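Working notes, structure below.
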There are 2 protein chains.
Amino acid sequence: MAENKLQESIATLKKAGVRITPQRHAVLDYLLNSMTHPTADDIYKALEGKFPNMSVATVYNNLRVLKEVGLVRELTYGDSSSRFDCNTSEHYHIICEKCNKIEDFHYPSLDEVEKLAAQVTGYDVSHHRLEVYGICQECQQLDKEKQ
Amino acid sequence: MAENKLQESIATLKKAGVRITPQRHAVLDYLLNSMTHPTADDIYKALEGKFPNMSVATVYNNLRVLKEVGLVRELTYGDSSSRFDCNTSEHYHIICEKCNKIEDFHYPSLDEVEKLAAQVTGYDVSHHRLEVYGICQECQQLDKEKQ
DNA sequence: CTCACTGCAAAACGTTTGCACTAGG
DNA sequence: CCTAGTGCAAACGTTTTGCAGTGAG
């Protein structure tokens, strides 16, 4: 499955005239296989072993390229650094306010909201973003144990 | 109306044991009366006239305090700097992808989404955040004129 | 009077940029 | 080949911090 995705993504890159460098391949591969939503620095650290002298700039450059081609989404939340996510299927995020974990969850796309927003504001709507915040099960458990 | 809000907010601060300094008062006042969603720097610049030697740090400190008390929300978008918004009534934001304007719009709160998210993920949900992206009417107009 | 808050400067942080070098196609 | 991409370091803009001095309650 992940293999297919990778081949598919590489095909997209080639079609866009983007070169497949080992570093770029590794960044893409890491993002496709990571269930977490890593920061640029996470990716940098994760690939440090394979590419001892890769620079952070390269990670950022590649993330920008992958974003431009539409393979990757950049998520900006309250905390200082951006997180990156493979733009696979439509899904929303739920974020733990204690441990900052980000998990995916599925919900039928809120088309009516987009429609109503367009009507009320006169905007030409392109997309929307929704996040739910709360405390994850593990953190709830930890809280209980403390008391 | 805005006066009431200000008195109310000050009462909240006092109850929380927070001192009402002139700078703090000004930041709060500015946020309450601004329809835009200013960055810390916007606020700093706006109050420069009244407080020639107020430092940026003070703006940030005050925004943090106001956030902690729950009077102010911090919004982070793609662009580098955070924006601040008075946590008055529940509302959503619609953002122009051309000129980066942020406008408020009202929509019945998506309680079902929160409920479903809680069920699916087991989170103890506290709130959610929704933004709609598109092109505002002015920018649509400008685009038409260009063609 | 006292302690929370201010102002200033310096530092931290994530991200971007300029440039010479390298390697993918 | 030739140009896109790399690595490095320095630069950038936003936010935070440490500390001495100040003023709100």
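Treat the numbers as computed from the prediction; the structure is a model and nothing was measured. In what follows, chains carry the letters A, B, and so on, assigned in the order in which the sequence lines appear, proteins first and then strands, with residues in each chain numbered from 1. Because only heavy atoms are used, hydrogens play no part in the values below, and waters and symmetry mates are left out as well, while side chains stay in.
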>> B/Glu74 vs B/Ser82, test: side-chain hydrogen bond (donor to acceptor under 3.5 Å, both in side chains). Steps then yes/no.
In response: CA-CA 6 Å; B/Glu74 181 174 359; B/Ser82 286; 2.6 Å; yes
>> For a side-chain hydrogen bond (donor to acceptor under 3.5 Å, both in side chains) check, start with the C-alpha distance between A/His93 and A/Tyr77, then their side-chain angles and the critical distance, and finish with the verdict.
In response: CA-CA 11 Å; A/His93 293 121; A/Tyr77 300 109; 3.2 Å; yes
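The A/Gln23 side chain lies nearest to D/dT6 when the options are C/dA9, C/dT6, D/dT6. Taking every side-chain heavy atom of A/Ser80 into account, C/dG14 is the closest of C/dG14, D/dT15, D/dA9. You'll find that the side chain of B/Asn61 is closest to D/dT17, out of D/dG7, C/dG14, D/dT17. The side chain of B/Ala40 approaches D/dT15 more closely than any other nucleotide in the set C/dA9, D/dT15, D/dT6. Of the listed nucleotides (D/dC8, C/dT15, C/dA9), C/dA9 has the atom at the smallest distance from the side chain of B/Ala57.
Note on B/Ser81: every side-chain N or O is 4.0 Å or more away from OP1 and OP2 of D/dT15. Between C/dT6 and B/Asn62, a contact under 4.0 Å exists linking OP1 or OP2 to a side-chain N or O. Phosphate proximity of C/dT16 to A/Tyr60: absent, as no side-chain N or O sits under 4.0 Å from OP1 or OP2. Residue B/Arg24 places at least one side-chain N or O closer than 4.0 Å to OP1 or OP2 of C/dT6. In terms of phosphate contacts, B/Thr21 brings a side-chain nitrogen or oxygen within less than 4.0 Å of OP1 or OP2 of C/dT6.
A/Lys115 and A/Asp111 are not joined by a salt bridge, as no carboxylate oxygen comes within less than 4.0 angstrom of a charged side-chain nitrogen.
The number of heavy-atom neighbours closer than 6.0 Å to NZ of A/Lys14, taken from other residues, nucleotides and ligands shown, is 12 or below.
Both A/Val72 and A/Val56 are part of a single hydrophobic cluster, where members link through side-chain heavy atoms under 4.5 Å apart. Follow the hydrophobic side-chain contacts under 4.5 Å out from B/Met54 and you reach B/Val18 in the same cluster. Note on A/Leu130 and A/Ile95: separate hydrophobic clusters, where clusters join Ile, Leu, Val, Met, Phe, Trp and Tyr whose side-chain heavy atoms are under 4.5 Å apart, directly or indirectly. Connection of B/Ile102 to A/Tyr123 is not established within any shared hydrophobic cluster, with ILVMFWY side chains joined at heavy-atom distances below 4.5 Å, either directly or through further cluster members.
Between the CD1 atom of B/Ile43 and the P atom of D/dT14 there is a distance of 13 Å, given to the nearest Å. Per the geometry, NE2 belonging to A/His25 stands 16 Å off C1' belonging to C/dG25, to the nearest Å. Across the protein-nucleic acid pair, B/Leu47 atom CG and C/dT6 atom C1' stand 14 Å apart, rounded to whole Å. Atom CG of B/Asp41 is separated from atom P of D/dT15 by 9 Å (rounded to the nearest Å). B/Asp79 has its CG atom 13 Å from the P atom of C/dT15, to the nearest Å. One interatomic measurement links the two molecules: CD of A/Glu68 to P of C/dT16, which rounds to 11 Å at whole-angstrom precision. Taking atom CG of residue B/Leu63 and atom C1' of nucleotide D/dT14, one finds them 13 Å apart after rounding to whole Å. Here D/dT14 presents its P atom at 14 Å from CD of B/Glu74, a figure rounded to the nearest Å.
An angle of 40°, rounded to 10°, separates the two end axes of the helix from C/dC1-D/dG25 to C/dG25-D/dC1, each defined over five pairs.
In this model, no donor atom of one side chain and acceptor atom of the other lie less than 3.5 Å apart for A/His37 and A/Asp42.
The stretch residues 10-20 of chain B touches DNA chain C through B/Val18, B/Arg19, each having a heavy atom under 4.0 angstrom from the strand.
The aromatic ring centroids of B/Tyr92 and B/His128 lie less than 6.0 Å from each other.
Sequence order on DNA chain D of the closest nucleotides to A/Pro52 and B/Pro22 puts A/Pro52 first from the 5' end.
Across all strands shown, B/Thr39 has no heavy atoms under 4.0 Å from either base or sugar-phosphate atoms.
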